[in-house]
Amino acid sequence: MKISLIIPCYNEEAALPFIYEELTKVSSQMADYEFEYLFVNDGSRDRTLAILKELSAKDERVNYYSFSRNFGKESAMFAGFCNASGDYVAVMDADLQDPPSLLPQMVEILQKGEYDSVATRRVSRDGEPKIRSFFARTFYKVINKISDADIVDGARDFRLMKREMVDAIIAMNEYNRFSKGIFGWIGFRTYWLPYKNVERVAGETKWSFWGLLKYAIDGIINFSQVPLSLASYGGVFLTFISFLAIIFVVVRRLIFGDPVSGWASLVCIITFIGGVQLFCMGIIGQYLSKTYLETKRRPHFIISETNRKDADKIH
Ligand code: UDP
Ligand code: MG
């Protein structure tokens with residue numbers, strides 16, 4: 001049996017030696033399995049590619065796939081899935097925040113045949129800024145309420161999957177990818193393995209607060225149509241209010257005559273309605289822009305350099 005490990009790397013020169021050492025250790029504990037490491041270099045600007053080449057030269061399990069530019073972690077994972085040949089496939093971060101030491105346990109659970117994938121979730125968020133944890137928790141609450149992708153709080157992208165599941169993921173050919181949603185959407189029986197948060201071994205996080213916020217909004221837009229219907233509900237609500245307002249204004253006119261006043265309230269109403277309209281147009285614009293990108297059918301990634309001759313280079 002073969003296990004493919006996909007490791008997206010963006011400026012990870014500091015972390016690579018650690019993860020390689022850890023992988024070597026874990027794979028030697030699992031002698032019955034053949035291993036394949038797919039390091040995807042996501043347009044790093046440091047020595048990541050050079051280190052990967054060195055590792056690949058001395059260890060044939062190490063494969064590298066180097067992107068022509070930074071396409072983002074989602075594309076890196078997708079490239080890994082497209083090129084993985086194992087019976088079991090897992091994605092893990094290069095910074096050891098997804099502990100490879102969990103692998104033997106995960107494989108054991110899959111081997112029993114009761115589950116199709118073993119996913120991991122952090123039960124603690126120690127070492128993470130409080131404000132980030134707060135927003136992350138809120139995000140999971142919101143997206144679970146309004147989308148059909150069921151996502152567990154603290155879920156990581158780190159999961160071991162059977163071949164069938166990987167094929168389903170590749171078949172989800174959408175351009176705007178949100179893996180946590182895709183994993184949930186395709187279904188299959190998933191076992192959730194909890195573990196304590198581990199801090200990054202070396203280097204620094206690639207996610208800024210704004211980057212994460214954008215990721216969260218993208219996730220919601222990709223897996224929920226609720227924001228779109230918000231616009232229509234809001235419209236119905238405001239129309240109802242305006243009927244009441246019309247009755248009020250007409251009755252007042254009939255009883256009190258027509259003194260010219262109400263400029264202030266008029267301005268308030270106009271700006272309020274203007275704001276609501278722009279907000280709703282913004283929501284529609286978000287969906288439209290996603291649709292625009294989907295219809296262009298651009299490739300998800302472009303691999304400019306790899307050690308594998310049979311690689312799926314543009315997909
Ligand atoms: N990553 C990537 N492309 C990017 C950003 C990140 O391939 O544009 C990789 C990164 O090298 C790491 C993983 O995605 O292996 C998770 O990134 P990071 O540890 O910075 O995120 P955090 O754990 O802080 O959420
Ligand atoms: Mg990390």
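Everything quoted here is computed from the prediction, not taken from an experiment. All residue numbers in this chain count up from 1 along the given sequence. Counting starts at 1 for both ligands and their atoms, in listed order.
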For [atom], what's the nearest protein heavy atom and its distance?
atom	answer
atom 14 (O) of ligand 1	K73 CD, 3.2 Å
atom 21 (O) of ligand 1	W207 CD1, 3.0 Å
atom 1 (N) of ligand 1	Y10 CB, 3.8 Å
atom 16 (C) of ligand 1	D93 OD2, 3.2 Å

Report yes if G72 has an N/O atom closer than 3.5 Å to an N/O atom of ligand 1; otherwise report no. no
Is it true that S101 and E22 share a donor-acceptor pair across their side chains at a distance under 3.5 Å?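 Per modelled atom types, E22 and S101 side chains form no pair under 3.5 Å.
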When you measure from the Mg ion (ligand 2) to each N, O or S atom of D95, which atom gives the shortest distance?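 Output for this pair reads OD2.
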Region of [X] engaging ligand 1 - heavy atom pairs below 4.0 Å:
X	result
E12	side chain
T205	both
P8	both
I7	neither
Q97	side chain

side-chain contact (heavy atoms from CB on, under 4.5 Å) between Y33 and L103: does it pass, once the steps are laid out? CA-CA 12 Å; Y33 296 90; L103 269 177; over 6 Å; no
Which residue, W207, F139, F135, forms the ring-ring contact (aromatic ring centres under 6.0 Å, His included) with Y215? W207
With side-chain contact (heavy atoms from CB on, under 4.5 Å) as the test, would you mind laying out the steps for Y175 and R297 before giving the verdict? CA-CA 7 Å; Y175 182 78; R297 304 204 137 262; over 6 Å; no
Let me see the working for N63 and N307 under side-chain hydrogen bond (donor to acceptor under 3.5 Å, both in side chains), right down to the final yes or no. CA-CA 6 Å; N63 298 288; N307 65 317; 3.0 Å; yes
Looking at [X], which atoms of ligand 1 are within less than 4.0 Å of one of its heavy atoms?
X	answer
K206	5 (C), 6 (C), 20 (O)
A94	15 (O)
D42	2 (C), 3 (N), 4 (C), 7 (O), 8 (O)
D95	19 (O), 23 (O)

N/O/S of Q97 less than 2.8 Å from the Mg ion (ligand 2)? yes
Compare all side-chain heavy atoms of N173 with those of H315 and state whether any distance is below 4.5 angstrom.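 Answer yes - side chains close enough.
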Find out whether I151 and F178 are in side-chain contact, i.e. whether some heavy atom of one side chain is under 4.5 Å from a heavy atom of the other.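 Side chain of I151 against side chain of F178, heavy atoms only: contact under 4.5 Å found.
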In terms of its nearest heavy atom to atom 18 (P) of ligand 1, the top option of M92, E74, R200, E204 is R200
R163 side chain to G86 main-chain N or O, any donor-acceptor pair under 3.5 Å? yes
Just checking F301 against F71, ring centres under 6.0 Å apart?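 Centroid distance F301-F71: not below 6.0 Å, so no.
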Taking the basic N atoms (NZ, or NE/NH1/NH2) and the acidic carboxylate oxygens, is any pair closer than 4.0 Å for D93 and K73? yes
Ion pair D153/R137, N-O distance below 4.0 Å: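 Looking at R137 together with D153, the answer is yes, because their closest N to O distance falls below 4.0 Å.
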Within the structure, is a non-hydrogen atom of R132 found at a distance of less than 4.0 Å from ligand 1? yes
